[in-house]
S.K.: 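Handing you this structure, nothing more for now.
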2 protein chains.
Amino acid sequence: MPTNVVSTSGRNPLAQKVKLSTIAEALGLSTATVSLALRDSPLVAEATRERIKEEARASGYIYNRRAASLRTSKSGIIGVCVHDMMNPFYGEILTAIERELDRQQHTFILCNHYDQLAKQRAFIDTMLQLGADGMIMSPAIGTPAADIRLAEENDLPVTLVARTVDGVEVPGFHGDDRRGMRLAVEHLIEKGHRRIAMVGGDDLTSTAREREAGYLAALEAADIEFKPEWRLKGARNRHGGFEAAPRLVALSPLPTAVVCYSDLVALGLMYGLSRAGLTPGEDIAVVGYDDIEEAEIATPSLTTVANGQSEVGRLAARSLLARLQGEDIPLGTQLITPTLRIRSSSEYRPFTLQRTEAASRHA
Amino acid sequence: MPTNVVSTSGRNPLAQKVKLSTIAEALGLSTATVSLALRDSPLVAEATRERIKEEARASGYIYNRRAASLRTSKSGIIGVCVHDMMNPFYGEILTAIERELDRQQHTFILCNHYDQLAKQRAFIDTMLQLGADGMIMSPAIGTPAADIRLAEENDLPVTLVARTVDGVEVPGFHGDDRRGMRLAVEHLIEKGHRRIAMVGGDDLTSTAREREAGYLAALEAADIEFKPEWRLKGARNRHGGFEAAPRLVALSPLPTAVVCYSDLVALGLMYGLSRAGLTPGEDIAVVGYDDIEEAEIATPSLTTVANGQSEVGRLAARSLLARLQGEDIPLGTQLITPTLRIRSSSEYRPFTLQRTEAASRHA
DNA sequence: CTGAAAGCGCTTACAG
DNA sequence: CTGAAAGCGCTTACAG
């Protein structure tokens, strides 16, 4: 009986890693049997399967997905890349995707590209190198068709959300931006507004171009002559709206209503208008776009266009999963129909200005 | 010369995948040389290296990280798991982590656990199975020490942010919540407030407990007797603040000031107060916590406590990377010193109520 | 129902 | 400066 034995603690960093063969040896079985058993194959006798699983548990076995994936060339990984996941608009899409993917045991790798093509390309490369099974992305501004094709040609199916890329034929889902913005502007026109500005966005994204087109179309349909100074371009976030406020207030005559590129822009604009001494929903009507969660509790509550983020996320995830299972799925973009949500911010009752306003409307 | 040749298009899904050996054969070299060359090893002659890289580019070679990782047991993956990345507080931490990790060529896998232990455990398992190099997490409520130890014992070093887990000795970084909340409350007391409520949070997270402790400590130091009805617990988000507003307004006498669990809670509360007809920063002083970006443009601009999210993220990422490189790093939690940011929401000039307020203060 | 053997695509000593 | 060979830990035909 040996003396001077150094007792190794349970936490031994030098301990051999447990692998299939460790379990197989311990039980006098082959790795093939162990592998099958752990994946619940009916080829393995129930009793054997249980012994194997018990041994795996007891020994602290950790399945090595890299090894499995190398062999099977399936990784269980889905890459998801958007402009900025901290933006609630994308956040709501991601939440829906996550919910859908979760039940299928897929691992979900997220990335922001911040509209930097290099970042997006690095992400695509990473997905390729990790052997991701598929990818959902809201493409960065200026994404070349070649980047999407690179993925597709290397067995990495792509589904687009929120934006499109010219020249690629892959499934895509987003709201009907032109139609949605038209709904918003028509709502204001019905309420009697004739001087309607549009704040936020630029002409770089397909989304912004579509929304602007809807805005212009609604004006035209109502025979309202568009004034270039009404189009206040700017960042597509809260800050962009905030910064637009002083520029808007400087306009003369002051528009009586504003549609915004997004809810975030509208919320920022309302902060800015308040600072300028104007009360949104009283002195000036404000409409957002997206119907993010905050729209309802904002004060005044935000009139906006529900853009179907959850549906976009859900459909995109399902479409990708279906494609991975070999189903035939429609290529091309599917538009989600937007809905107007009327709340308080689009009200207008400028007690102090009313008279002048009325006069100038007929000027 | 053969006739009837079927031309294969460039886009051939059946094309053999290009691997190291494909390049090696094409160039009459060994895979060892190709492997070294692609990783810029000085062991390979410059000219050979260039030929190899050119061939890799031309053939559309995609590096197989699973294979490499299986061999080297390094994956280049860092897992990051927080309660909810759409929350700007975590968003700002994540942004800082990302910035730090990016320059080191690490792939960043993100996950929300939504304070669900099962989700968090699934994430840890996934990281283990993918052979992640390390992990940064803001642990879910009730995280057992065993979950962290499981990771650590299987070669997955963990760094904590924002929250702590009792019974584990790993590096952690977060703001000094008790001190920060004390700063906030002392600011209000200095301005003459004696009835100060605290809105949002519960006693489930270490963060909330610390902040509440700071609140109570500041009251006690000023000889103000705490009234239980001043502590309005609730969700740690915008909605939680919004919902607290009616409960707050129902208090009699009405507190003249409120500190909130977070900026999000404060912003929601301000929305709610406005609906109740109270103007934050005039009829009632409001203070937030975190100093998220929106605090500055909110109207009224939000007085708050800068909680060092960026520093937390940066330090956590650096600490983890240092540890991965074998450096000795301090275990245990490092507190970031918070700073008060005085803006408009903590002002108080209740013109209509002034007289009664003054009276009741001396009651 | 179980096992022996090959192979996924890399990297790493080791040899020359 | 370059190559032959082993091996990372799985899964998958195939055989029995």
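Owing to the predicted nature of the structure, the values given are computational and were not obtained by experimental measurement. Lettering follows sequence order; numbering is per chain, from 1.
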S.K.: Could you give the CG-to-P distance, from A:Asn154 to C:dG9, as a whole number of Å?
M.R.: 13 Å
S.K.: Stems involving DNA chain C: give each as a range paired with a range, ordered by first number, where a stem means at least three consecutive Watson-Crick or G-U wobble pairs under 3.5 Å.
M.R.: C:1-3 with D:14-16, C:5-12 with D:5-12, C:14-16 with D:1-3
S.K.: Check whether more than 12 heavy atoms from other residues, nucleotides or ligands sit under 6.0 Å from atom CG of A:Asp40, and answer yes or no.
M.R.: yes
S.K.: Any residue in residues 60-68 of chain B with a heavy atom nearer than 4.0 angstrom to DNA chain C? Just list them by number, or reply none.
M.R.: B:Tyr61, B:Ile62, B:Tyr63, B:Asn64, B:Ala67, B:Ala68
S.K.: Pairs in or reaching into residues 316-331 of chain A: which pass salt bridge (Lys or Arg N to Asp or Glu O under 4.0 Å), with residues at least two apart or in two chains?
M.R.: A:Glu100-A:Arg318, A:Glu152-A:Arg323
S.K.: So which of residues 40-56 of chain A are in contact with DNA chain D, with a heavy-atom cut-off of under 4.0 Å?
M.R.: none
S.K.: How close or far is atom P of D:dT11 from atom CG of A:Leu38, stated in whole angstroms?
M.R.: 8 Å
S.K.: What side-chain donor-acceptor pairs closer than 3.5 Å can you find for residues 27-37 of chain B, not counting sequence neighbours?
M.R.:
from    : atom 1 : to      : atom 2 : distance (Å)
B:Ser30 : OG     : B:Ala32 : N      : 3.4
B:Ser30 : OG     : B:Thr33 : N      : 3.2
B:Ser30 : OG     : B:Thr33 : OG1    : 3.2
B:Ser35 : OG     : B:Arg39 : NH2    : 2.8

S.K.: According to the interplanar angle, ranging from 0 to 90°, do the rings of A:His83 and A:Tyr90 count as parallel (below 30°), tilted (30 to 60°) or perpendicular (above 60°)?
M.R.: tilted
S.K.: Given that B:Thr72 and A:Ser35 both sit by DNA chain D, which one's nearest nucleotide is further toward the 5' end?
M.R.: B:Thr72
S.K.: Distances under 3.5 Å between protein N/O atoms and the N/O atoms of nucleotides 3-6 of chain C, please, pair by pair.
M.R.:
from  : atom 1 : to      : atom 2 : distance (Å)
C:dG3 : OP1    : A:Gly28 : O      : 3.4
C:dG3 : OP2    : A:Ser30 : N      : 2.8
C:dG3 : OP2    : A:Ser30 : OG     : 3.3
C:dG3 : OP2    : A:Thr33 : OG1    : 2.9

S.K.: Could you state the CG-P distance from B:Leu27 to D:dC1, rounded to the nearest angstrom?
M.R.: 17 Å
S.K.: Taking everything shown except A:Gln325 itself, do over 12 heavy atoms lie less than 6.0 Å from its CD?
M.R.: yes
